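In what follows, chains carry the letters A, B, and so on, assigned in the order in which the sequence lines appear, proteins first and then strands, with residues in each chain numbered from 1. None of the values given here were measured: they were computed from a predicted structure.
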Number of protein chains: 2
Amino acid sequence: MEGKRISKSVLKRLPGYLAYLKNMPEDAPVNISATALANALGMGEVQVRKDLAMVSDGGRPKIGYQRESLIEDIEQFLGYDNTTDAVLIGAGKLGQALMGYKGFDEYGLNILAAFDEKPQMEKTEEGKPVYHISKLSAFCRTHKVLMGIITVPAEAAQQVADQLIVGGIKAIWNFAPTHLDVPSNILVQNENMATSLAVLSVHLQAQIKEEKEIKEKEGKL
Amino acid sequence: MEGKRISKSVLKRLPGYLAYLKNMPEDAPVNISATALANALGMGEVQVRKDLAMVSDGGRPKIGYQRESLIEDIEQFLGYDNTTDAVLIGAGKLGQALMGYKGFDEYGLNILAAFDEKPQMEKTEEGKPVYHISKLSAFCRTHKVLMGIITVPAEAAQQVADQLIVGGIKAIWNFAPTHLDVPSNILVQNENMATSLAVLSVHLQAQIKEEKEIKEKEGKL
DNA sequence: TTTATATCGATTATAGCATATCGATTAGAT
DNA sequence: ATCTAATCGATATGCTATAATCGATATAAA
């Protein structure tokens with residue numbers, strides 16, 4: 001159901017459910033149970049049920065949820081049904097990769113234009129315009145853009161963020177590996193590869209250490 | 001200090017500290033206090049202190065931490081001091097962007113080669129070889145690669161993961177927007193843009209709703 | 001030498017989240 | 001019509017992470 005406040009952890013799990021539901025084959029049953037979802041995604045069934053209860057109320061015993069309406073409920077909750085316009089700053093490799101990613105449509109995200117300090121082209125491969133960064137805040141204001149995607153080097157990120165805020169932006173998707181200082185009403189979502197790498201790296205280290213210990217043990221025997 | 005078990009949340013914050021410390025100007029003071037770090041990054045000072053205590057023991061009252069040795073401690077803890085080899089599968093735009101990212105050296109990550117279902121070139125711009133995907137598991141075995149980076153479309157991801165595991169990989173960095181089924185000793189770190197987008201989207205929706213309500217109120221006055 | 005202050009580290013409290021349990025509901029079989 | 005089994009939703013419990021508090025320590029100044 002709607003209207004409740006939702007925790008960030010739940011929020012982050014919802015896209016997972018959505019992706020799984022949307023990728024189910026056409027000839028799959030019309031209904032799906034929270035139990036089945038949980039098993040498929042390797043999670044606890046109670047957690048799945050609780051999460052789904054936050055966004056939908058279509059669950060029926062013995063039947064489960066109607067797949068179609070569950071998808072709609074999640075999408076509506078996540079706001080994927082109405083599009084949000086965004087700008088992207090930093091037309092380097094990563095920036096271009098994001099500009100070219102078709103999947104954003106599904107999430108209701110529409111990148112209007114790219115900005116760069118030294119624009120190498122007038123339009124991207126996809127036909128989106130590339131402007132000089134000096135025009136950033138004005139563009140945001142006139143087009144009422146609410147979201148900025150930062151793919152510039154770390155050194156330039158804060159400066160870009162400041163200009164975005166001048167332009168009236170409310171949310172920033174930050175791919176630069178640096179901390180951004182912003183007013184409290186602006187949301188910064190950090191897509192920081194370094195954090196992921198840290199998790200992986202530490203896991204691997206532990207793994208290697210473990211293997212070494214096993215080998216040493218075997219050597220002693 | 002070392003040897004303790006560390007929680008994932010702490011782990012994810014460490015790269016933030018590290019990046020900030022490394023970006024400090026040469027002429028900055030030799031020492032830095034947990035308090036100063038906390039203020040700079042907009043966090044609670046107690047949390048920062050606790051996190052640092054997990055990886056270092058160089059904190060001294062009134063002085064703080066020695067910047068250089070703190071950096072070393074964090075890097076050592078994260079395993080950035082010895083390199084880990086990796087392979088990348090999916091030489092599309094995102095894959096190429098990652099291959100070209102110089103910053104990975106700093107994290108001790110070395111991408112040996114790329115694999116693709118239909119290799120478009122023999123070598124990447126950076127001179128790394130691009131092989132057909134059929135050679136994946138053999139390559140991993142012979143080079144004792146422990147980490148795989150998946151940048152293929154969602155449909156192909158599970159299949160690639162399976163082959164990686166056959167090749168003896170221990171950790172997977174998954175950029176495909178899908179759930180991967182793997183044995184419990186394999187770590188999957190999902191770099192899922194969809195989750196970030198969800199957080200942003202819901203925030204923006206709330207923001208828009210709020211603004212609308214304010215306007216309606218003003219209209220009534 | 002003494003005192004004041006900045007900072008650390010340990011302990012305790014609070015809150016949020018995940019997990020387990022239980023009763024309620026309903027489709028389908030008998 | 002009744003019973004069974006699957007599934008849901010709600011409540012209760014336990015755990016982990018964050019936040020708050022307090023004493024200890026070391027430097028610098030008087």
For this session: Going 5' to 3' through nucleotides 2-15 of chain D, assign each nucleotide B (protein heavy atom under 4.0 Å from a base atom), S (under 4.0 Å only from sugar-phosphate atoms) or - (no protein heavy atom that close).
Result: ----SBBB------

For this session: Considering just the side-chain nitrogens and oxygens of B:Ser7, establish if one lies under 4.0 Å of OP1 or OP2 belonging to D:dT16.
Result: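 The answer is no; no side-chain N or O of B:Ser7 sits under 4.0 Å from OP1 or OP2.
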
Exercise. Going through the distances and angles, do B:Leu98 and A:Met193 end up as a side chain to side chain contact (heavy atoms under 4.5 Å, CB included)?
Worked result: CA-CA 10 Å; B:Leu98 290 178; A:Met193 313 232 169; 3.9 Å; yes

For this session: Inspect the contact between B:Lys170 and A:Glu210 and indicate whether a charged nitrogen and a carboxylate oxygen are less than 4.0 angstrom apart.
Result: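 No, no charged N to carboxylate O under 4.0 Å.
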
Separation of [N] [atom2] from [X] [atom1] (nearest whole Å):
X       : N      : atom1 : atom2 : answer
A:Asn31 : C:dT25 : CG    : P     : 20 Å
B:Gln47 : C:dT11 : CD    : P     : 19 Å
A:Asp51 : C:dT19 : CG    : C1'   : 13 Å
B:Met54 : C:dG9  : CE    : P     : 13 Å

Problem set entry | Candidate pair A:Thr195 and B:Arg13, rule side chain to side chain contact (heavy atoms under 4.5 Å, CB included), full reasoning | CA-CA 7 Å; A:Thr195 64; B:Arg13 286 193 295 268; over 6 Å; no

For this session: Can you tell me which residue pairs pass the side-chain hydrogen bond (donor to acceptor under 3.5 Å, both in side chains) test with a partner in residues 211-221 of chain A, sequence neighbours excluded?
Result: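 Residue pairs with at least one partner in residues 211-221 of chain A: there are none.
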
Exercise. Which atom pair, heavy atoms only, marks the closest approach of A:Arg49 to A:Tyr65?
Worked result: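 Answer, listing the atom of A:Arg49 first, then A:Tyr65: O-OH, 4.3 Å.
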
Review item, side-chain donor-acceptor pairs of residues 144-167 of chain B, under 3.5 Å, at least two apart:
| unit_1 | atom_1 | unit_2 | atom_2 | d |
| --- | --- | --- | --- | --- |
| B:Thr151 | OG1 | B:Ile89 | O | 3.0 |
| B:Thr151 | OG1 | B:Gly90 | O | 2.6 |
| B:Gln158 | OE1 | B:Asp181 | N | 2.9 |
| B:Gln158 | NE2 | B:Asp162 | OD1 | 2.9 |
| B:Gln158 | NE2 | B:Asp181 | O | 3.1 |

